[in-house]
Protein chains: 2
Amino acid sequence: MLKIGALASLTGVSRDTLRFYEKHGLITPGTRTVSGYRLYSKTDVYRISFILSAKEVGFTLNEIHQLLELEVTKDEKSCHDVKQFVDNKIQVVNQRLIEMKKIKQSLKTLSNACCGGDEPATHCTILGALSTHNRQ
Amino acid sequence: MLKIGALASLTGVSRDTLRFYEKHGLITPGTRTVSGYRLYSKTDVYRISFILSAKEVGFTLNEIHQLLELEVTKDEKSCHDVKQFVDNKIQVVNQRLIEMKKIKQSLKTLSNACCGGDEPATHCTILGALSTHNRQ
DNA sequence: ATAAAGGATGGAGTATAGTCCAGAGTCAAG
DNA sequence: CTTGACTCTGGACTATACTCCATCCTTTAT
């Protein structure tokens, strides 16, 4: 059982942010002490690290909340909706992966054009670097 | 030469947003008509699409501004700084790519657990799906 | 010639995601 | 039994990225 400060230092998320996430339904301490202190379990650490990953990926707290709420049971009526929601998110992630790789390539080209690198000097701006791989 | 409305509909970015980007130095029309209308060139379309990609990737407008400002000339003093800045961004992108793939895998697992898929029912939440590939 | 469509400026308002107090209670160590 | 570290709540404040006016000017079509 972790108090808020312990969870904060384990995850690198501030106490205020943890309370903020709680207010928005992303994480709730399973119990409280008699005096009202929040008590988190070990799995809450995973929950937070999921939230952090998902944020990194570009999901909003709202979307992350929805993802965390999802529970698939094979026979449930809502199953189709859940699958659709998740598959939609996969598409979003795929699109971002594509943009990501495009930009990474441009950054690499730009980095190579620099300091006696092997790329021609025409790639001397990020737009130049991008266009080489993007247009044509 | 495009007026703001034309650029807006070509890029899918609103007029207000274009003016907002201008205020923040991300894009500036090369000229204005006598009456003060903004006139954009065709390369401004690429500029906007770069901004959109970079946003998708998770860069802030501030970072995008810096990326767009970059100009590498092989002999410049600032060359090292530019390279360092760009290489740093590449690291950031790499980290996001990793998170991205992790989450994509979790979403896929979750999707498969659903509606008579082939994954066991233990993966019935996003955290369950994530932990399978993440812990152990 | 005039109305509708589009553009300009400046400023207010909104959503998201925190961040930072103030004031008060709690707990562990010396 | 007090001091210092930690926690609680509620509310104010901040940064980012738009978005939406109001008011006025310009252009285009009829």
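Letters A, B, ... mirror the listed sequences (proteins, then strands); counts begin at 1. Remember, it's a predicted structure, so these values are computed and weren't measured experimentally.
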I'd like to know if B:E99 and B:R96 make a salt bridge, using a cut-off of under 4.0 Å between side-chain N and carboxylate O. no
According to a strict under-4.0 Å criterion, is [X] in side-chain N/O contact with OP1 or OP2 of [N]?
| X | N | value |
| --- | --- | --- |
| A:T17 | C:dT19 | yes |
| A:K23 | C:dA17 | no |
| B:R32 | D:dT26 | no |
| A:Y21 | C:dA17 | no |
| B:R38 | C:dA8 | yes |

As a test of reading the structure: which of [options] is closest to the side chain of [X], going by heavy atoms?
| X | options | answer |
| --- | --- | --- |
| B:I4 | C:dG18, C:dA8, D:dC20 | C:dA8 |
| B:T60 | D:dA17, D:dT19, D:dT9 | D:dA17 |
| B:D16 | D:dC21, C:dT19, D:dT9 | D:dC21 |

Nearest-Å distance for atom pair [atom1]/[atom2], residues [X] and [N]:
| X | N | atom1 | atom2 | result |
| --- | --- | --- | --- | --- |
| B:L52 | D:dA17 | CG | P | 13 Å |
| B:Q66 | D:dT16 | CD | P | 12 Å |
| A:F20 | C:dA17 | CZ | C1' | 5 Å |
| A:L61 | D:dT16 | CG | P | 17 Å |
| B:E22 | C:dG7 | CD | P | 14 Å |
| A:L39 | D:dC6 | CG | P | 16 Å |
| B:Y40 | C:dG7 | OH | P | 10 Å |
| A:K55 | C:dG18 | NZ | C1' | 9 Å |

Measuring only between side-chain heavy atoms, which start at C-beta, is A:Y40 closer than 4.5 Å to A:I48? no
Side-chain touch B:V92/B:E63, heavy atoms, less than 4.5 angstrom: no
Between the protein and nucleotides 27-29 of chain D, which nitrogen or oxygen pairs are less than 3.5 angstrom apart?
{"unit_1": "D:dT27", "atom_1": "OP1", "unit_2": "B:S35", "atom_2": "OG", "d": "2.9"}

Report yes or no: does [X] contribute a side-chain atom to a donor-acceptor pair with the main-chain N or O of [Y] at less than 3.5 Å?
| X | Y | value |
| --- | --- | --- |
| B:S49 | B:Y46 | yes |
| B:T109 | B:Q105 | yes |
| B:R47 | B:T28 | no |

Which part of the nucleic acid, if any, lies within contact of B:R15, taking any heavy atom under 4.0 Å across all strands shown: a base, the sugar-phosphate backbone alone, or nothing? sugar-phosphate
Find the distance between OG1 (A:T17) and CG (A:L52) and round it off to the nearest 0.5 Å. 9.5 Å
